[in-house]
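Note sheet for the following structure.
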Amino acid sequence: MPLLKLPGDVLTRPERTLLPPGSLERPWHWLRSKLHRPAAMRRLGLRSQLPGIRRHADRLATLDAQALSDERDALRQTLARQGVTPRLVRHAFALVREVSRRELGMAHHDVQLLGGLAMLGGRIAEMHTGEGKTLTATLPAATAALAGIPVHVITVNDYLAARDAELMTPVYRALGLSVAAVVHEMPPHERRAAYAADVVYCTNKELVFDYLRDTQLLGRHRHPLQAHAARLLGELHDERLLLRGLHFAIVDEADSVMLDEARTPLILSGPAGKDALDIELLDQALALAGEFEEDAHFVRESGQIHLTERGRERLTERAQALGGRGWVGRSRREWLIQQALVARHHFQRDHHYLVRDGKVQIIDEHTGRVMADRSWEKGLQQMIERLEGCEPSEPNVTLARLTYQRFFRRYHHLSGMTGTAREVRGELWRTYRLRVVAIPPHRPSKRQHWPTVSLARQAEKWQWIATRVQEIAGQGRAVLVTTVNLADSEALSQRLAEVGIEHAMLNARQDAEEAETVARAGRRGAVTVATSMAGRGTDISLEDEVKRAGGLHVIVAGHHDASRVDRQIAGRCARQGDPGSVELVVCEEDALLDELTEWQRRIGQLPTRLKRAQRRREARHARERARLLEADWREDEQLGFSGKSE
């Protein structure tokens, strides 16, 4: 069945209109999510497409450059006229494969063809790490683009967006397609030009914020048909819009982008003006929060801070003494003190944020990268700046907000790829109506999983890792050590330096040198200490001498919030049939154990307790995402009832 041919030349910013699920539809999709299993190749009939692709590929391989160009032009016209049919897909995949062979020296193997077919069918392809997802994405992306459908390839950070666009440009160019990357530093006119390309590589955050900026420009003409009517009447000039619409999306690292980063809405803000900032009130709240004692005046529950009854009484007493408008009204003063308690007791320097050049910069907890232009809302940013002795930034007001859950479902065609989807396949179906297709590996993995090492204290863990690193690097292998946060990476780095082990760092402070650090990480004796920045999309190329010595050894210094992140980090070694090994090092002081109650922390061996804590945190994050989506639908229904829309 042909894909929908999107009327990009007719409508301003085409996108799918979403309707809230009905009362019966929600439990039905919940039940289906519980029964969902990754689809088998045979059942989907994807393998049956391979012989046809090979026949076309054999024929195309005999053509000279001019004949291949003529074939490309003819196929492009046919796709634009007939749409993307199974017969034309086989032809298009063979063409992309042959062009890739000539331009890059890499022809897509069968596993990559299966992944491409799954994504073109609107599914998430779960491909083993190291299987070449970047090259795989060119198959559905180029096929859709040849049919005249604008394509967005969405990934988790600027580094990967720019890298993948650059690596695949020869393929797209030879197919007569334009390609561009949208990264954070680009001004509006460059963004607009980039989004006009046939295939655009971009990050999820840049894309959503650009969409929200367009939404602000459209004002009351946000619905595609309303925008088109306004343009015909001369009421709307859409040349300032950045996006051409939400046509065809391929989401790389789909579980990270669509789930891990979907626990909070994205908020487009504007300056509120200095007059909106009450420094004295912030300082009073911070000082008062410093007087509150945990368990007596406040408690932590499910990652949130709540006042106790004793804390509320204490707040009422102190508010009367403080006076001022900020402390009048129970709800306002409780909210104010909770923000101050969060600033003092929840967010940690070099874990949730770093201080650089006199500014507080947020660290993305999922990618380990700095989000330089992001800030916390409702005075929290300014409170943390006061705590760190920084000049308070100008407060912001909310202009627009949108969740990933609703944004991605607005694409007419949505698909994705990742190495870690099976654990969250039910949630991906429940939230996005996306099925997971398990793609078999191209070559059997040679990865060795060494036993977990359990220690009592953090200092012992760093010492043990230093000894292990010295041992493995001395064998001529390369070593990658990943820590849970920036502070841990720097503590380990200090210990390595004390014992004289040369090493490279890759965390939020060294993000500018990422490409260079990754390029050196596969050399003989190389030691790299990284946060989860090294967990996704990082391809460490090994020297032949390193491969002969046993490949890359990965040490995971503590469980992350999700087991999928641990698996991604393990996937940095033993890629594409290379040798490699991975081991986990944990200790009794790992912060993940805070997820457990006091008596739960005493039951079972340390690895068992940590896995239990990790599952609890994963479940809590899933509940947070479900609550956010439910609240989003309720808000949308209320806006629809009142005659408004986002």
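Computed from a predicted model, the values in this text were never measured in an experiment. Positions are given from 1, in the same order as the sequence printed here.
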Q: Check side chain to side chain contact (heavy atoms under 4.5 Å, CB included) between His128 and all other residues, then give those that pass, not counting sequence neighbours.
A: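 His128 satisfies side chain to side chain contact (heavy atoms under 4.5 Å, CB included) with Glu131, Pro441 once adjacent residues are dropped.
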Q) Would you say the side-chain atoms of Asn507 pair up with the backbone N or O of Thr531, donor to acceptor, closer than 3.5 Å? A)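 Not confirmed, Asn507 side chain does not pair with Thr531 backbone.
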Side-chain donor-acceptor pair under 3.5 Å between [X] and [Y], yes or no?
| X | Y | value |
| --- | --- | --- |
| Ser581 | Arg477 | yes |
| Asp158 | His184 | no |
| Ser178 | Asp198 | yes |
| Arg443 | Gln576 | yes |
| Tyr411 | His152 | yes |
| Gln77 | Asp73 | no |
| Gln405 | Thr431 | no |
| Asn157 | Thr203 | no |
| Tyr201 | Arg163 | no |

Q: Determine which pairs satisfy side-chain hydrogen bond (donor to acceptor under 3.5 Å, both in side chains) with at least one residue from residues 132-148, sequence neighbours left out, and list them in order.
A: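 Sorted result for residues 132-148: His108-Thr138.
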Q.
Are the side chains of His503 and Thr528 in contact, using a 4.5 Å heavy-atom criterion?
A.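 Heavy-atom side-chain distance check fails, nothing below 4.5 Å.
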Q. His91 versus Glu71: any side-chain heavy-atom pair under 4.5 Å?
A. yes
With a 4.0 Å cut-off on N to O distance, would you call [X] and [Y] a salt bridge?
| X | Y | result |
| --- | --- | --- |
| Glu545 | Arg523 | no |
| Arg524 | Glu543 | no |
| Arg425 | Glu126 | no |
| Arg575 | Asp539 | yes |
| Arg564 | Asp260 | yes |
| Asp210 | Arg213 | yes |

**Q.** His553 and Trp450 aromatic ring geometry - parallel, tilted or perpendicular at 30°/60° bounds
**A.** tilted
Q: Using the test ring-ring contact (aromatic ring centres under 6.0 Å, His included), find all partners of Tyr404 that sit at least two apart in sequence or belong to another chain.
A: Phe408
Minimum heavy-atom separation for [X] to [Y], with atom names?
| X | Y | value |
| --- | --- | --- |
| Gly522 | Val546 | O-CG2, 3.4 Å |
| Ile569 | Thr482 | CG2-OG1, 3.3 Å |
| Val479 | Ala473 | CG2-N, 4.0 Å |
| Thr418 | Ala254 | CB-N, 3.7 Å |
| Ala478 | Ala521 | CB-O, 3.3 Å |

Q. When you look at Ile149 and His412, which way does the side chain to side chain contact (heavy atoms under 4.5 Å, CB included) test go after all the steps?
A. CA-CA 10 Å; Ile149 302 172; His412 284 277; over 6 Å; no
